[in-house]
Protein chains: 2
Amino acid sequence: MATIKEVAAHAGVTPTTVTNVLRGRGRVGDATRDRVLAAVAATNYHPNLNARALVERKSPTLALMLGCLTNPFYPEFTLQAHLAARSENRFLLICNTDYEEDGGRQFLNEVAGSLSDGVLVANKGNLNLEQFKSIEKRGVPVVISIWEDPAQHPGIPCIAFDSTKAGKMATQHLIDLGHQHIGALIASPAEGIHAGRYAGYRDALEEANLPVKTKQIRFCEDTYEDGYRTAFELLTTNKGMTALFVSNDLPAIGVLDAAAEMGLRVPEDISVVSVTNIHMASQSRPGLTTVAIPTTEMAFEAIEMLLELTRNKPAQPPMKVIEKLRLVERHSTGAPKA
Amino acid sequence: MATIKEVAAHAGVTPTTVTNVLRGRGRVGDATRDRVLAAVAATNYHPNLNARALVERKSPTLALMLGCLTNPFYPEFTLQAHLAARSENRFLLICNTDYEEDGGRQFLNEVAGSLSDGVLVANKGNLNLEQFKSIEKRGVPVVISIWEDPAQHPGIPCIAFDSTKAGKMATQHLIDLGHQHIGALIASPAEGIHAGRYAGYRDALEEANLPVKTKQIRFCEDTYEDGYRTAFELLTTNKGMTALFVSNDLPAIGVLDAAAEMGLRVPEDISVVSVTNIHMASQSRPGLTTVAIPTTEMAFEAIEMLLELTRNKPAQPPMKVIEKLRLVERHSTGAPKA
DNA sequence: CTGTTAGCGCTTTCAG
DNA sequence: CTGAAAGCGCTAACAG
């Protein structure tokens, strides 16, 4: 690893001049520039980013905290965040908090403000907001992305989408198709991360003067397996339903498999709709009808907000809500049988 | 962000002493230690990792290069690599090379040896080995993980598994079940990354004195969609097959859906087996029988090798092959109809 | 247009 | 047991 001094010596200049040509600062004579560039090539020089970060008081990395990369939503979000970060010439440091016994506190403490200029939090519902506020107090910007409730500000800068609207759109699609007996499978506690999606389901039903029947509603873990298991139980004990609103794609795919296992045809016997539109939703049988949330936009806006916060601290923590929601009709929904 | 100087001032000592108590170096009096610790707490001090990296000539991060996090194998590998890195108190920097127009060269040049002490490469078959060798020449260790062919050393330290054996085990399982007409769907070019798995398929057939029929073999992209499309074509134009060897899980799941679409029952009409055992393999309908490769072990061994290489440079690049392979029987395979 | 000087925050000899 | 001094590799004033 050549250092800037060596390059400078090689080119017969000082480190300052090398920096100047490499960073495009100051004015440098053409001949000198050529000599420097030649020396850089000859020595295969690459600046030490740690040293640069130290003096510039600014690091080239951003930290991303998420629950677990193994939940298929996160890789998609992470990829977009990575792309956004790269487009700003930043690198992404990741932390799967589910496996840190302290929920990522140590990661945050070590990384925030030294290795990383800021931290992006992919919301998974059980956020320890105080933890992030204490990071902010140290002057390190934090933004929460995929915040589900525009009506309730977490007190930390965030990028949100309207999850209630998403839940409502999904349910409304079922109603438009003519369904009147629509159960729900919510992949969080009632007051948990999918509370908004759940509220959207109830709103749609109420506006259509359809009853909200607790007997037809279940809460489960946000996994394929628990979606499968819970749907199996719900579908065996409640026979009258023609459609199911599921609050997330992964458990919805479990629902599809449970229905098949029971000999129920989707959508002929039961329609299934959900929210998110992960890649897998197009790889299920049948393809899953779902309300797509703006994953890409939330990732890009989050990175942008984070970077902006490294430049200026606003008096109030901003919230940006991305309105874009889109019903993606595939083949898991259809009209109820007459 | 408090600095070590401020902490020292607060405690009435010098930075040296602060370092000593924080890093456990030297001998420090109990009273002094307590004062320092109190000062650390009072100022909410966290060491600047960039500064530390600079003086220690050693960075707390490792870089992971992979094709694209969106291919479901990578998140699983990445999670394990992350866990392994964390267990050594390192952080992971990731790069999705598929989206870097230069295949990650710039990432490598900027990161390797300054931000990151080493780079871990998750093999996806189209590796530019020269690129990595030039990084090694700069004294930065590189290890390739998930190398598929133990018989052929890439010339760079690597962790390998025996993909030929995996392909053979999968095919052998079909043969053991009584299948004699076994087609193949290889998710790479014939000489591409799945060449070993493909060779294993042929080996098993030949050892069982079964013919290898080119008509029943197809090559496709390593995606769900192309698996679906290619299987559809193969299955419509070749009627005699009772089983299919697919070289990877994701296209195999596409195969399952194609079969269902065509009205073929799996495994009654056609058995499907593949290699890898990604999480999705247990979330398909039917569950996919597949040969599990040692993802976790490869991730941990790779991190360990990388770290070892930062300590000592061996004369020859090591290769460690993880022998562990395991047939995971689910429900996509069964005996052929009599 | 280029060089000199100082310093980012930390750790490590080496003295005391 | 604690402090003083030097330096990691780089960049930003400021001179010249």
Side-chain angles (χ1 to χ4, degrees), chain A residues 1-37 39-40 43-61 109-117 138-140, chain B residues 1-37 39-40 43-61 109-117 138-140:
Chain A
M1 297 297 298
T3 72
I4 197 171
K5 259 180 143 168
E6 292 165 28
V7 178
H10 194 107
V13 298
T14 58
T16 308
T17 304
V18 176
T19 298
N20 282 342
V21 350
L22 256 24
R23 312 298 305 277
R25 308 285 153 80
R27 232 152 303 291
V28 184
D30 283 351
T32 325
R33 158 174 295 106
D34 290 349
R35 256 183 312 136
V36 168
L37 259 18
V40 166
T43 54
N44 192 22
Y45 169 70
H46 297 281
N48 182 317
L49 264 30
N50 278 314
R52 182 181 287 175
L54 184 58
V55 41
E56 289 187 336
R57 296 142 160 286
K58 153 175 186 331
S59 145
T61 79
N109 282 339
E110 294 192 359
V111 158
S114 72
L115 267 193
S116 288
D117 269 0
R138 284 162 52 191
V140 183
Chain B
M1 297 295 297
T3 71
I4 195 171
K5 260 180 142 166
E6 293 165 27
V7 179
H10 193 107
V13 296
T14 58
T16 309
T17 305
V18 177
T19 298
N20 282 341
V21 349
L22 255 24
R23 310 300 302 278
R25 308 284 152 81
R27 233 151 302 290
V28 184
D30 284 349
T32 324
R33 158 174 294 105
D34 290 347
R35 255 184 310 134
V36 168
L37 259 17
V40 166
T43 53
N44 192 22
Y45 170 70
H46 298 281
N48 182 317
L49 264 31
N50 278 314
R52 181 180 287 174
L54 185 57
V55 39
E56 288 188 336
R57 293 140 161 285
K58 155 174 185 328
S59 146
T61 79
N109 281 338
E110 294 191 0
V111 158
S114 72
L115 267 193
S116 288
D117 269 0
R138 282 162 52 190
V140 183

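In what follows, every chain begins at residue 1, and chains take the letters A, B, ... in the order their sequences are listed.
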| field | Five-pair end axes of the helix from C/dC1-D/dG16 to C/dG16-D/dC1 and the angle they enclose, rounded to 10° | value | 40°
| remark: dist A/M1:CE -> A/T43:OG1 (nearest 0.5 Å) comes out at 10.5 Å
Between the protein and nucleotides 10-13 of chain D, which nitrogen or oxygen pairs are less than 3.5 angstrom apart?
residue: D/dC10; atom: OP1; partner: A/Y45; partner atom: OH; Å: 2.6
residue: D/dC10; atom: OP1; partner: A/N48; partner atom: N; Å: 3.0
residue: D/dC10; atom: OP2; partner: A/I4; partner atom: N; Å: 2.3
residue: D/dT11; atom: OP1; partner: A/R23; partner atom: NH1; Å: 2.8
residue: D/dT11; atom: OP1; partner: A/R52; partner atom: NE; Å: 2.5
residue: D/dT11; atom: OP1; partner: A/R52; partner atom: NH2; Å: 3.1
residue: D/dT11; atom: OP2; partner: A/T19; partner atom: OG1; Å: 3.0
residue: D/dA12; atom: OP1; partner: A/R25; partner atom: NH1; Å: 3.4
residue: D/dA12; atom: OP2; partner: A/R25; partner atom: NH1; Å: 3.1
residue: D/dA12; atom: N6; partner: A/T16; partner atom: OG1; Å: 3.0

| Approximate separation, where rounding is to 0.5 Å, of B/I4 CD1 and B/T17 OG1 | 9.0 Å
| field | Partners passing side-chain contact (heavy atoms from CB on, under 4.5 Å) against A/L37 (at least two apart in sequence or in another chain) | value | A/V21, A/L22, A/R33
| Can you name the side chain to side chain donor-acceptor pair (under 3.5 Å) partners of B/N20, sequence neighbours left out? | none
| Looking for any heavy atom pair under 4.0 Å, which part of the strands does B/T17 touch: base, sugar-phosphate only, or nothing? | sugar-phosphate
| query | Rounded to whole angstrom units, what separation is found between the CG atom of B/L54 and the P atom of D/dG7? | reply | 14 Å
| query | How long is the line joining CZ of B/R35 and C1' of D/dG3, in whole Å? | reply | 13 Å
| task | Please test A/N44 against B/R138 for side-chain contact (heavy atoms from CB on, under 4.5 Å), starting from the C-alpha separation and ending with a verdict. | result | CA-CA 8 Å; A/N44 192 22; B/R138 282 162 52 190; 3.2 Å; yes
Can you give each donor-acceptor pair under 3.5 Å made by side-chain atoms of residues 49-61 of chain B, sequence neighbours left out, with the distance rounded to 0.1 Å?
residue: B/N50; atom: ND2; partner: A/S114; partner atom: O; Å: 2.6
residue: B/E56; atom: OE2; partner: B/R23; partner atom: NH1; Å: 3.3
residue: B/S59; atom: OG; partner: B/T61; partner atom: N; Å: 3.0
residue: B/S59; atom: OG; partner: B/T61; partner atom: OG1; Å: 3.4
residue: B/S59; atom: OG; partner: B/L115; partner atom: O; Å: 2.3
residue: B/T61; atom: OG1; partner: B/L115; partner atom: O; Å: 2.6
residue: B/T61; atom: OG1; partner: B/S116; partner atom: OG; Å: 2.9

| field | For A/D34, all residues meeting side chain to side chain donor-acceptor pair (under 3.5 Å), sequence neighbours excluded | value | none
Distance-only donor-acceptor pairs under 3.5 Å for side chains of residues 5-14 of chain A, two or more places apart:
none

| Where chain B begins and ends its contact with DNA chain C, read 5' to 3' at 4.0 Å from heavy atoms | C/dG9 to C/dT12
